[in-house]
S.K.: 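Mind looking over this structure? Questions follow.
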Amino acid sequence: MTLKKIYFFLLEPYGPQGWWPLLECEGGNPTKTGAMNGYHPGDYSYPKTDEQRFEICVGAILTQNTSWVQVEKALQNLKQLRALRPEAMLKLELRKLKQAIKPAGYFNQKARKIKLFTAFYQKLNGKIPRREELLNVWGIGPETADSIQLYAYRQPSFVIDAYTKRIFSRIGICRENVKYEELQALFEKELKPDPHLYSEYHALIVEHAKRYCRKKPLCKECPLLSVCSFGQHKSSIRLL
DNA sequence: AACCAGGACGTGA
DNA sequence: TCACGTCATGGT
């Protein structure tokens, strides 16, 4: 009940976020960050094509510990090179790949990760990968695996990230060093396994963390002020 | 001019 | 298991 209530507390002020952002989609909205056209609020029917699915996977790797604006630039470069398809990506010279994704940082590691993932992706031949399979690919950790599951394949895996831990530990629901699978299990227990709900919730969490629940939080006008125990003495509603 | 961003891996205790 | 160092660019 608590987690579902918080969901609506976020949805009301922010509205549907239109994740996962794509380079382009019909009737998409401009990003808040860059000049892309890929947010599609309220439309959960993406990816519509296999190219979009692959683009989401690559974006999920590129955005590891990196802001999305930088990832947009990298994706644009890859698009320019026509490399946002598995076959082309595997053929692309390693140094050209590194050059293209340089804006997103960690380009040595990420180039290798993308190559390895692409080989894995191609072997799937359209099948949906299991979470364990994804985790066995070098460079795919829990968050990236769940992002791919949820946004590329519409599987009900709840994505946990640093923002999720920050927000929900401040609220008082968990501690700040809660383990990934532990917090994920809580969300997946409290919420029905609906990919639309999971997608929207995670996107809202990111938006909320950027707007109010920053490192230095802006608690004054926070929409969650009434349910948050941060900096207060009110009894916490700790579930973990 | 530090600090941070939609993490993951390798290492040594 | 776990804490810590490393990877790298660009925006604020």
S.K.: Would you say B/dG10 has OP1 or OP2 under 4.0 Å from some side-chain N or O of A/Trp138?
M.R.: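 For B/dG10, OP1/OP2 do have a side-chain N/O of A/Trp138 under 4.0 Å.
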S.K.: What integer number of Å spans the C1' atoms of C/dC7 and B/dA5?
M.R.: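 Each nucleotide's C1' atom is 14 Å from the other's.
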S.K.: For A/Arg166, answer base if it contacts any base atom (sugar-phosphate contacts may also be present), sugar-phosphate if it contacts only those atoms, and nothing otherwise; contact means non-hydrogen atoms under 4.0 Å.
M.R.: sugar-phosphate
S.K.: Hey, are the side chains of A/Gln70 and A/Pro103 touching, using non-hydrogen atoms and a 4.5 Å cut-off?
M.R.: yes
S.K.: Go through C/dC2, B/dA5, B/dG7 for me and flag the one nearest to the A/Ser67 side chain.
M.R.: B/dA5
S.K.: Rounded to whole Å, how long is the line connecting atom CG of A/Asp161 with atom P of B/dC4?
M.R.: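 Rounded to whole Å, this separation is 17 Å.
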S.K.: Looking at A/Thr144, does any N or O in its side chain come under 4.0 Å of the phosphate oxygens OP1/OP2 on B/dA8?
M.R.: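 Yes.
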S.K.: Should the pair A/Arg131-A/Glu181 be classified as a salt bridge under the 4.0 Å nitrogen-to-oxygen rule?
M.R.: yes
S.K.: Just by distance, do the side chain of A/Lys113 and the backbone of A/Leu62 share a donor-acceptor pair under 3.5 Å?
M.R.: no
S.K.: What integer number of Å spans the C1' atoms of B/dC4 and C/dA8?
M.R.: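 Pairwise C1' distance, B/dC4 against C/dA8, rounds to 13 Å.
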S.K.: At under 4.0 Å between heavy atoms, what does A/Ile61 touch on the DNA or RNA strands: base, sugar-phosphate, or nothing?
M.R.: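 Nothing, no heavy atom under 4.0 Å.
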S.K.: Between C/dG10 atom P and A/Leu62 atom CG, what is the distance in whole Å?
M.R.: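 A/Leu62 atom CG is separated from C/dG10 atom P by 14 Å.
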S.K.: Do A/Arg53 and A/Tyr153 form a cation-pi contact, if we require the NZ or CZ to be under 6.0 Å from the six-membered ring centre and within 45 degrees of the ring's axis?
M.R.: yes
S.K.: Roughly how far, to the nearest 0.5 Å, is OH of A/Tyr163 from SG of A/Cys213?
M.R.: 10.5 Å
S.K.: Can you tell me, in whole Å, how much space there is between the P of B/dG6 and that of C/dT6?
M.R.: 23 Å
S.K.: Which part of the nucleic acid, if any, lies within contact of A/Gly105, taking any heavy atom under 4.0 Å across all strands shown: a base, the sugar-phosphate backbone alone, or nothing?
M.R.: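 A/Gly105: base contact, heavy atoms under 4.0 Å.
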S.K.: Is there ring stacking between A/Trp68 and B/dG6, where the centres must be under 5.5 angstrom apart and the planes under 30 degrees?
M.R.: yes
S.K.: Can you check the A/Gln64 CD to C/dT6 C1' distance for me, whole Å?
M.R.: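 Rounded to the whole Å, the gap is 14 Å.
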S.K.: Taking the minimum atom-to-atom distance to the side chain of A/Tyr106, which one of C/dA8, B/dG7, B/dA5 wins?
M.R.: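 Per side-chain heavy atoms of A/Tyr106, the pick is C/dA8.
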S.K.: What is the distance, to the nearest angstrom, from the CZ atom on A/Arg211 to the P atom on B/dG6?
M.R.: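 That distance rounds to 14 Å.
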S.K.: A quick test of your reading: do over 12 heavy atoms of other residues, nucleotides or ligands sit less than 6.0 Å from NZ of A/Lys96?
M.R.: no
S.K.: Stacking between A/Tyr180 and B/dG7, defined as ring centres under 5.5 angstrom apart with planes under 30°, is that present or not?
M.R.: no
S.K.: Map A/Gly139 and A/Val206 onto DNA chain B by nearest heavy atom, then report which one ends up closer to the 5' terminus.
M.R.: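 Nearest-nucleotide comparison on DNA chain B picks A/Val206.
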S.K.: Using a cut-off of strictly less than 4.0 Å, decide whether A/Arg214 has a side-chain nitrogen or oxygen near OP1 or OP2 of B/dG6.
M.R.: no
S.K.: Using whole Å, report how far CD of A/Glu143 lies from P of B/dA5.
M.R.: 12 Å
S.K.: Does A/Gln109 or A/Lys179 map to a spot on DNA chain C nearer the 5' end, using the closest nucleotide for each?
M.R.: A/Lys179
S.K.: Establish, with yes or no, whether the OP1 or OP2 oxygen of C/dA8 is under 4.0 angstrom from a side-chain nitrogen or oxygen of A/Asn108.
M.R.: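 Yes, within the criterion.
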S.K.: Using the side-chain heavy atoms of A/Lys215, tell me which of these nucleotides is nearest: B/dA8, B/dA5, B/dG6.
M.R.: B/dA5
S.K.: Can you say whether the rings of A/Phe168 and A/Phe187 are parallel (under 30°), tilted (30 to 60°) or perpendicular (over 60°)?
M.R.: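 Perpendicular, since the angle between the ring planes exceeds 60°.
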S.K.: Work out how far the P atom of C/dG10 is from that of B/dA8, and round it to whole angstrom.
M.R.: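 My reading of the P atoms in C/dG10 and B/dA8 gives 22 Å.
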S.K.: Between C/dT9, C/dA8, C/dG10, which one does the side chain of A/Lys102 approach most closely?
M.R.: C/dT9
S.K.: B/dG7 P sits how many Å from A/Leu116 CG, rounded?
M.R.: 21 Å
S.K.: Just compare C/dC7, C/dC2, C/dG10 and give me whichever is closest to any side-chain atom of A/Gln70.
M.R.: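 Output: C/dG10.
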S.K.: Could you work out which one of C/dT9, C/dG10, C/dC7 sits closest to the side chain of A/Phe107?
M.R.: C/dT9
S.K.: Counting side-chain heavy atoms from CB outward, which of B/dA5, C/dG11, C/dT9 is closest to A/Lys73?
M.R.: C/dG11
S.K.: What is the distance, to the nearest angstrom, from the CD1 atom on A/Ile101 to the C1' atom on C/dC7?
M.R.: 12 Å
S.K.: Rounded to whole angstrom units, what separation is found between the CD atom of A/Glu181 and the C1' atom of B/dG7?
M.R.: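 Going from CD in A/Glu181 over to C1' in B/dG7 covers 14 Å.
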S.K.: Between A/Ile140 and A/Trp20, which residue's closest nucleotide on DNA chain B lies nearer the 5′ terminus?
M.R.: A/Trp20
